[in-house]
Protein chains: 2
Amino acid sequence: MPDVIVNNETFYNPVDFVLKKIGGTWKIPVLWRLRKKVFRYTELQKDIPHISQKMLTQTLRELEADGFISKKTFAIVPPHTEYALTEKGTKAIIIIETIRNYGLELMKDDGIDYEELVREEVKAKKKST
Amino acid sequence: MPDVIVNNETFYNPVDFVLKKIGGTWKIPVLWRLRKKVFRYTELQKDIPHISQKMLTQTLRELEADGFISKKTFAIVPPHTEYALTEKGTKAIIIIETIRNYGLELMKDDGIDYEELVREEVKAKKKST
DNA sequence: TATGTAACGAACTTATTTGTTCGTAGATTT
DNA sequence: AAATCTACGAACAAATAAGTTCGTTACATA
C-alpha cells in the first residue's frame with residue numbers, strides 16, 4: 001500500500017481515504033439525518049445531541065466541499081439555509097448502512113441491545129415533556 | 001440516537017461503535033494483512049510502512065482485547081509471537097472489503113487510480129534493490 | 001566479551017480533533 | 001428601544017491520537 005497524497009492530505013489505503021471523507025465524530029450523524037429529508041441548520045443542531053455549533057458548521061463545510069451534500073441559501077432575514085444529500089451522498093448512505101448493520105451485530109456480541117436502548121430513550125423523552 | 005456507554009467508552013451510534021473498534025490509523029492495515037496468513041510481530045512491522053513500535057503494539061493489544069485477533073507466544077529466546085485473525089476478525093474483513101471497494105470508487109471520482117499507484121510503487125521498489 | 005535478536009514497557013513530546021466562549025448582521029416582534 | 005431570530009466566523013482551550021526515545025530480557029553467535 002503506497003502513500004497517496006491529494007491536496008496536502010495523505011492516505012495510507014482506500015479505507016483510510018473513506019474515513020477521512022466521512023469519518024470523524026459528526027459526519028455520519030449529519031449524513032444519516034439527510035438520507036430522508038432536507039434539513040435546516042438549526043434543525044440539525046437540535047436533532048443531533050451534543051454537537052456544537054462549530055463542529056456542525058465545520059462538518060457541513062467539509063461534506064459540501066467533498067460533494068456529499070449541497071447547500072441552498074435563502075437571502076432573507078433571519079437567514080435560511082437548507083442542506084440536502086447529493087447523489088454522491090446518497091451512495092455514501094449505502095455503505096454507511098452496511099457499517100451500521102455490522103455495528104448492530106458487534107454491539108449484540110457485547111450484550112448491547114441498541115434498538116432497545118433507542119426505545120427506552122424515546123420513552124424517557126416523552127415522560128420529560 | 002442515544003449515548004451508549006460501555007466500559008467507560010461512549011458511542012453515539014452503531015457506526016461510531018464500529019469505528020472505535022476497528023478505526024484509527026493502524027487497525028485496518030493490521031487486520032488486512034492477517035486476512036490471508038499469520039504474521040509475527042516483526043513481520044507486521046516490516047510490512048506496514050510508517051508504523052511505529054508503540055502503535056503496532058497498542059493496535060495489537062486492542063484488537064486482541066476486542067477479540068478480533070489471537071496471539072500465540074512461544075516462550076523461547078529471542079521471543080516468538082504469532083498473530084492471527086479470529087472468527088470475529090474474519091467477519092470484520094468482510095465489511096472492511098466493502099469499505100475498501102467504496103474507497104476505490106471514491107478515489108476514482110477524484111481522479112486517483114489506486115491500483116496504478118500500487119503498481120508504480122512495486123516497480124520503484126524493484127529498482128531500488 | 002561485545003554484539004545481535006524479538007518483542008515489547010514506560011515516559012515524554014507532538015499533532016490532530018473536538019469543544020467553549022464571544023461576537024456579528026439585519027429585519028421582526030414586544 | 002430592547003430583545004429575538006438564524007446562521008454563522010474567530011480565537012482559544014481541552015482532549016484524544018500518534019510518534020519518539022530509551023531501556024529490558026536472556027540466550028546465541030562472532
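Below, chain A is the first sequence line, B the second, and so on; all start at residue 1. Here the structure is a predicted model, which is why all the values come from computation and not from measurement.
For B/Y83, no side-chain nitrogen or oxygen approaches OP1 or OP2 of C/dA6 to under 4.0 Å. Between C/dC8 and B/T57, no contact under 4.0 Å exists linking OP1 or OP2 to a side-chain N or O. Contact annotation: A/K72 does not reach the phosphate of D/dA7 (side-chain N/O to OP1 or OP2, under 4.0 Å).
Residues that satisfy the salt bridge (charged side-chain N to carboxylate O under 4.0 Å, His left out) test with A/E87, not counting sequence neighbours, are absent from this structure.
Within the 4.5 Å cutoff, the side chain of A/F39 has heavy atoms near those of the A/D47 side chain. A 4.5 Å side-chain heavy-atom check between A/K20 and A/E9 finds at least one atom pair inside the cut-off. Counting only heavy atoms from C-beta outward, the side chains of B/Y83 and B/K72 never approach each other to under 4.5 Å.
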Open item on the list: Walk me through whether B/L44 and B/L60 qualify under side-chain contact (heavy atoms from CB on, under 4.5 Å).
Closed with: CA-CA 10 Å; B/L44 283 170; B/L60 290 169; 3.9 Å; yes
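Between B/R40 and B/E43 no salt bridge is recorded (no basic side-chain N to carboxylate O distance below 4.0 Å).
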Open item on the list: At under 4.0 Å between heavy atoms, how does the protein contact nucleotides 11-30 of chain C? Give one character per nucleotide, 5' to 3', with B, S or -.
Closed with: -------BBB-----BS---
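Atoms CD (B/E9) and C1' (D/dT16) sit 12 Å apart, rounded to a whole Å. Distance CD (A/E82) to C1' (D/dC8): 17 Å, rounded to an integer number of Å. As a whole-Å value, the separation of A/L60 CG from D/dT6 P is 16 Å. Between the C1' atom of D/dC8 and the NE2 atom of A/H80 lies a distance of 15 Å, rounded to the nearest Å.
Other residues, nucleotides and ligands contribute at most 12 non-hydrogen atoms within 6.0 Å of the NZ atom of B/K91.
Checked by atom type, the side-chain pair B/T57/B/Y41 shows a donor-acceptor distance below 3.5 Å.
In the region residues 38-48 of chain A, proximity to DNA chain D at under 4.0 angstrom, judged on heavy atoms, holds for A/R40, A/Y41, A/T42.
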